[in-house]
J.: 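Dropping the structure in here first, questions after.
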Number of protein chains: 2
Amino acid sequence: MNNEKEENNISSVFPLFKSLTEQELELLNSRIKCNIYRKGEIIYREGSKITGCYCVNKGIIKIYKTGIDFKPQIVAFAIKGDITGYRSVLSNEVACTTAEVLEEAEIYYIPSDIIFNLIKSNSDFALSLIQLTCRELDQANIFIKDIAQKTVKQRLAEVLLMLEKTFKTDSDGFIAVNLTREDISSIVGTATESVIRILGDFKKENFISIKGKKIKILDKKKLSLISDSLF
Amino acid sequence: MNNEKEENNISSVFPLFKSLTEQELELLNSRIKCNIYRKGEIIYREGSKITGCYCVNKGIIKIYKTGIDFKPQIVAFAIKGDITGYRSVLSNEVACTTAEVLEEAEIYYIPSDIIFNLIKSNSDFALSLIQLTCRELDQANIFIKDIAQKTVKQRLAEVLLMLEKTFKTDSDGFIAVNLTREDISSIVGTATESVIRILGDFKKENFISIKGKKIKILDKKKLSLISDSLF
DNA sequence: CGGAACTTTGACACGTCTCAAATGCCGTGG
DNA sequence: CCACGGCATTTGAGACGTGTCAAAGTTCCG
């Protein structure tokens, strides 16, 4: 189970672990558990106790907070190479978000004591972890500024660009993720109907094309201009 | 300058440094610089390079991102015991926010190499730093959810409660900070006029009282109910 | 094939923003 | 000490964006 191939895999897929020594990688591998999750499954739920963190090797996870009337607010996605749940582990608090599988996922579980030990034994690892949280914090602050100051149309344009950047495109140029209109609305922070209407506008103006849930960006420049309100 | 009293001071005012050894504290003290900033002064500006981080010993700092048409979006305050600028230092990037003095401030400056060395030499310090960023990250995510889902009235109620909790009250019960209506609007993420109107509503309903810039919360319970939209 | 979930469309109401103008407040300089 | 100018606050009117509700159409999946 802890063969050479898999060891290489962990540190190559997850940049966070690239500073680990061979011994540390060995220990990590000996304690890692791999699980497959189906679409719709909950990996951990807001308010529940977390005993380790989750490294996504395959699939797509949406991470959200539950808001008014149980309306979810998506705050992040996790895909191959991303690590989630570490925040609650490190601050020893219950999970502050829910992680739900959007596309069948293969996920490594790392018990929290391993994380703490790595922080103690390897300062480069600690630094990487700090830098990771700092990056996420900046992302969050940017999002706050946007959501507070931009119109729904601007935010939707921005979200579409973000989605393409995050999930890349398939062979036909469509963004490689299946999100419901409701999902999109709970990223943008708006009503589902508003998303639908504005997507319709974008389509009419040939900024995007739509095939069912799939969206293809045709005019990245125009969407950028809209999102930055420079048009 | 580096007398015993000041050494004790640093670690007692800033919880982040409580795990430092005597030698580390001594080194820290030998490199720290203390500055006084007047109201309106900029400590660092978004987009500029940062060479160290700032520990607030006195005064009030507002931290904001610049948005559309240069409209600022306040993302945090820093008061006695808070540390700011460390994010940009750690991620080796230009400042992603601007820090501006609201009330005359006394601020310790710590060169970035000290921070990096402490992370290397003291894993408890590294862990504290990680936990600090994690807490801030969670705060940011909560704010995203609120700003996306709540009405302006709900958000303003919440912000008033936050302000009282952060800055406490003076002897007359007024929140101990001077913010312009514009400042408040750029926390809430709305127009200045909306803030004024809704503050007027709150006053009319006796949830708050107003004397110039100063605000006193009269009915914390009602404001909580409004903010949680449970009324 | 059937039912549930998702998407789309329309009408309408309401919240919020913008613009404009009046008033109030405060520090500066005469 | 007062007058002035500039900035902050307040109020009003109107336009616009966005949310809500209801209903019909569509897709998905067992």
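Below, read A as the first sequence line, B as the second, and so on, with proteins coming before strands; counting in each chain starts at 1.
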J.: How many whole angstroms separate atom CD of Gln154(B) from atom P of dG19(D)?
T.: 13 Å
J.: Quick one: on DNA chain D, does Lys153(A) or Glu193(B) contact a more 5' nucleotide (nearest heavy atom)?
T.: Glu193(B)
J.: Taking CG from Leu199(A) and C1' from dT7(C), how many angstroms apart are they, rounded to a whole number?
T.: 11 Å
J.: Please determine if Asp146(B) and Lys65(A) form a salt bridge, counting it only when a charged side-chain N lies under 4.0 Å from a carboxylate O.
T.: no
J.: How many whole angstroms separate atom NZ of Lys211(B) from atom C1' of dT9(D)?
T.: 18 Å
J.: Think Thr190(A) has a side-chain N or O under 4.0 angstrom from the OP1 or OP2 of dG19(D)?
T.: yes
J.: Could you tell me whether the phosphate oxygens of dT7(C), OP1 or OP2, come under 4.0 Å of any side-chain nitrogen or oxygen in Lys213(A)?
T.: yes
J.: Please report, rounded to the nearest Å, how far the C1' atom of dT18(D) is from the CG atom of Leu156(A).
T.: 13 Å
J.: Please state how far atom NZ in Lys150(B) lies from atom C1' in dG19(D), giving the value in whole angstrom units.
T.: 18 Å
J.: Would you call Val152(B) and Ile198(B) a side-chain contact if the rule is heavy atoms closer than 4.5 Å?
T.: yes
J.: CG of Asp183(A) versus C1' of dT7(C): gap in Å, rounded?
T.: 13 Å
J.: What's the CG-C1' distance between Leu179(A) and dC6(C), to the nearest Å?
T.: 14 Å
J.: Thr151(B) side chain: which of dT16(C), dA20(C), dT9(D) is closest?
T.: dT16(C)
J.: Counting neighbours of NZ on Lys222(A) that are heavy atoms of other residues, nucleotides or ligands and sit closer than 6.0 Å, is the number greater than 12?
T.: no
J.: What nucleotide, of dT11(D), dC6(C), dT8(C), holds the atom closest to the side chain of Glu182(A)?
T.: dC6(C)
J.: Taking only the side-chain heavy atoms of Arg181(B) (C-beta and beyond), determine which of dT7(C), dT20(D), dT10(D) contains the nearest atom.
T.: dT10(D)
J.: Can you classify the ring geometry of Phe202(B) versus Phe207(B) as parallel (below 30°), tilted (30 to 60°) or perpendicular (above 60°)?
T.: tilted
J.: Around Glu205(B), counting heavy atoms of other residues, nucleotides and ligands shown, do more than 12 lie under 6.0 Å from its CD?
T.: yes
J.: Look at the side chain of Ile196(B) and decide which nucleotide, out of dG19(D), dT9(D), dC6(C), has an atom nearest to it.
T.: dT9(D)
J.: In terms of the nearest nucleotide of DNA chain D, which residue is placed more toward the 5' end: Thr180(B) or Arg197(B)?
T.: Thr180(B)
J.: Please report the distance, rounded to the nearest Å, between CG in Asn178(A) and P in dC6(C).
T.: 13 Å
